Protein chains: 2
Amino acid sequence: MKNSESQNNKAQRVSPQTIKRLPAYLMYLQKVAQKGDLSISAPRMGADLEADPTQIVKDLSVTGIKGKPRVGYNVTELIHTIENYLGFNKNNEAFLIGAGKLGQAILSYHELQGFGIRILAAFDIDESKINQSYGNVKILHFKKLGELANRLGISIGILTTPSDKAQEAAEAMVKSGIKAIWNMTSVRLELPKHVIVQNTSMYADVAILLKDYNDSEA
Amino acid sequence: MKNSESQNNKAQRVSPQTIKRLPAYLMYLQKVAQKGDLSISAPRMGADLEADPTQIVKDLSVTGIKGKPRVGYNVTELIHTIENYLGFNKNNEAFLIGAGKLGQAILSYHELQGFGIRILAAFDIDESKINQSYGNVKILHFKKLGELANRLGISIGILTTPSDKAQEAAEAMVKSGIKAIWNMTSVRLELPKHVIVQNTSMYADVAILLKDYNDSEA
DNA sequence: AATATATAAAGAAAAATATCTTTATATAAA
DNA sequence: TTTATATAAAGATATTTTTCTTTATATATT
């Protein structure tokens with residue numbers, strides 16, 4: 001089950017776990033910045049986030065940030081460094097395919113913009129949805145995907161179709177030039193190796209929850 | 001010779017990674033069963049799922065299942081064993097709090113039932129949503145949560161409120177006797193230690209996707 | 001200015017996880 | 001029945017990730 005991890009780059013490999021923790025740091029740091037604090041130390045972050053301070057230092061170090069002993073990190077510099085490292089400050093233009101409830105939820109959640117993702121349009125085959133808007137994003141007919149993606153040079157696609165349409169939709173996305181797919185369905189997509197696929201399966205987490213809960217009841 | 005771990009929850013810690021992989025096996029196995037195959041070998045699973053066969057054997061072994069050399073595992077037995085191990089065959093009754101788009105998506109996605117979760121009711125404060133139904137689940141007023149949860153003995157809650165309401169809603173859930181919370185918001189909840197919280201942050205995965213994508217473009 | 005101290009940074013150790021190797025065995029083939 | 005072989009199971013090794021320890025240094029305190 002190695003998927004996107006295999007993308008080998010020049011710099012030394014950074015663990016996915018580290019990368020997954022960085023957005024949480026970012027959200028925390030934005031609150032710290034809002035409070036007006038100019039600097040933040042790893043021990044402080046660790047206490048607030050209930051995390052090991054040395055792990056935080058290690059995680060942050062992958063971005064190249066330098067902190068000062070007895071002071072910590074400059075908050076705004078740290079925010080910008082993480083955003084830059086993760087690509088959140090780029091204008092990552094994306095299309096969303098599948099404007100059902102889940103798709104609508106994604107369209108309505110403006111927090112995604114904080115991650116540098118800007119959804120330019122959504123696509124569906126349900127005529128009753130066409131031309132409706134959610135979160136200022138218009139739903140267009142799926143058949144227009146290819147031409148628009150090509151013309152606008154869209155490389156990122158968010159897949160939120162029903163399971164039985166996922167593979168087909170994903171293939172159309174690839175044919176339209178989309179290179180990276182955020183797959184919110186529980187379907188295992190079969191796509192050419194060069195396509196970057198990130199699976200967000202809510203259901204893996206459900207397994208942990210139920211296991212923990214049922215074990216605690218036993 | 002460690003056996004019967006499935007019955008003994010104190011037996012041996014099982015890694016979260018293993019538990020997270022089990023639902024993926026389950027979904028795959030259901031397709032295999034649908035095809036009519038009676039048995040399945042780890043090498044075959046590994047080929048289909050692009051995973052290491054020995055890892056699959058190790059993962060499956062935590063459930064206590066026994067396979068036969070040259071044949072593999074009995075498909076239906078394996079399915080039931082995994083479901084039993086994860087608690088998916090229990091009737092895990094749950095409430096959903098926050099009937100916005102994301103909540104509606106969860107209510108409409110019937111796949112959750114395959115995980116043993118049965119959502120009995122949803123709650124919101126938006127009067128216009130009260131008494132509406134999604135996926136056969138009725139939306140009730142949030143103020144009714146406490147009494148109903150108590151009366152029905154609900155222990156599992158799914159949190160899908162907007163971020164700014166998440167902490168407050170979670171506290172109400174705990175006060176109503178809910179012991180396990182599936183937190184779909186990006187908020188870090190501060191709750192008593194005894195409450196089981198599983199965070200599903202879609203945004204961690206976005207970080208991986210964007211990093212992989214932007215690195216590949218570099 | 002000198003000293004003490006909190007904290008980042010680097011390195012080492014430990015723990016967790018994944019992969020590889022060997023062994024045992026059930027089934028198929030001869 | 002006998003032998004060959006595919007595969008589960010167990011064990012060993014390797015890798016990855018986290019945690020612990022040490023060191024260096026910038027700032028605060030005196």
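Numbers restart at 1 for each chain; the letters A, B, ... are given by sequence-line order, proteins then strands. Remember, predicted model here, so these are calculated numbers, not experimental data. Quick note: numbers below take in every heavy atom, side chains included, and nothing from hydrogens, waters or symmetry partners.
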Sub-3.5 Å pairs of nitrogen or oxygen atoms, protein against nucleotides 1-3 of chain C:
none

Every protein N/O within reach of nucleotides 22-30 of chain D N/O, cut-off under 3.5 Å:
from   : atom 1 : to    : atom 2 : distance (Å)
D:dT27 : O2     : A:R70 : NE     : 3.3

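For A:D212, the salt bridge (charged side-chain N to carboxylate O under 4.0 Å, His left out) criterion is met by no residue, not counting sequence neighbours. Applying the ring pair (Phe, Tyr, Trp, His ring centres under 6.0 Å) criterion to B:Y203, with sequence neighbours excluded, gives A:F115. Take A:E50 and apply the salt bridge (charged side-chain N to carboxylate O under 4.0 Å, His left out) test, not counting sequence neighbours, and it matches B:R188, B:K193. Residues meeting the ring pair (Phe, Tyr, Trp, His ring centres under 6.0 Å) test with A:Y73, sequence neighbours left out: none.
Rounded to whole angstrom, the span from the OH atom of A:Y73 across to the P atom of C:dT7 amounts to 12 Å. Summarising the geometry, the separation between CD1 on B:I19 and P on C:dA16 is reported as 14 Å, rounded to the nearest angstrom. Atoms NZ (B:K20) and P (C:dA16) sit 17 Å apart, rounded to a whole Å. Residue B:Q17 contributes atom CD, which lies 11 Å from atom P of C:dA16 at whole-angstrom precision. At whole-Å resolution of the value, CG in B:D59 and P in C:dA18 are 7 Å apart. The distance from atom CG of B:N74 to atom C1' of D:dT7 is 16 Å, rounded to the nearest whole Å.
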Practice item. Please report the C-alpha distance between A:I82 and A:N84 in whole Å, then the side-chain angles of each, then the deciding distance to 0.1 Å, and finally whether the side-chain contact (heavy atoms from CB on, under 4.5 Å) criterion is met. Key: CA-CA 5 Å; A:I82 296 175; A:N84 181 55; over 6 Å; no
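Among pairs with a residue in residues 166-194 of chain B, none fulfils ring pair (Phe, Tyr, Trp, His ring centres under 6.0 Å), at least two apart in sequence or across chains. For residues 58-78 of chain A, every residue pair satisfying the salt bridge (Lys or Arg N to Asp or Glu O under 4.0 Å) rule, not counting sequence neighbours, is listed here: A:R21-A:D59. Within the structure, every pair that satisfies the side chain to side chain donor-acceptor pair (under 3.5 Å) test and touches residues 92-103 of chain A, not counting sequence neighbours, is listed here: A:K101-B:Q104.
If you check every strand for non-hydrogen atoms under 4.0 Å, A:K66 touches sugar and phosphate atoms only. Using a 4.0 Å heavy-atom criterion, one finds that A:R21 contacts the sugar-phosphate atoms exclusively.
Heavy atoms of other residues, nucleotides or ligands lying less than 6.0 angstrom from CG of A:N136 number 12 at most. By the neighbour-count criterion of 12 heavy atoms within 6.0 Å, atom CG of B:N91 is densely surrounded, having more than that number from other residues, nucleotides or ligands. Residue B:L38 qualifies as open at atom CG: its count of foreign heavy atoms under 6.0 Å is 12 or below.
Looking at B:S39 and B:D37, their side chains never bring a donor and an acceptor atom within 3.5 Å of each other. A donor-acceptor contact closer than 3.5 angstrom is absent between the side chains of A:Q30 and A:Q34. For the 3.5 Å distance criterion, the side chains of A:T54 and A:D52 qualify, holding a donor opposite an acceptor. In this structure, a donor-acceptor pair under 3.5 Å is absent between the side chains of A:N199 and A:S201.
Distances shown here put every side-chain N or O of A:R44 at or beyond 4.0 Å from the OP1 or OP2 atom of C:dA8.
The backbone N or O of B:G98 sits less than 3.5 Å from a side-chain atom of B:T160, completing a donor-acceptor pair.
Contacts between residues 26-38 of chain B and DNA chain C, defined by a heavy-atom separation below 4.0 Å, involve no residue at all. Within residues 49-56 of chain A, no residue places a heavy atom under 4.0 Å from DNA chain C.
Of all nucleotides listed (D:dG11, D:dT17, C:dT17), D:dT17 comes nearest to the side chain of A:P16.
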Given Watson-Crick and G-U pairs under 3.5 Å, DNA chain C in dot-bracket ([ ] crossing, | other strand) is ||||||||||||||||||||||||||||||
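For A:K58 against D:dT18, no side-chain N or O and base N or O form a donor-acceptor pair under 3.5 Å.
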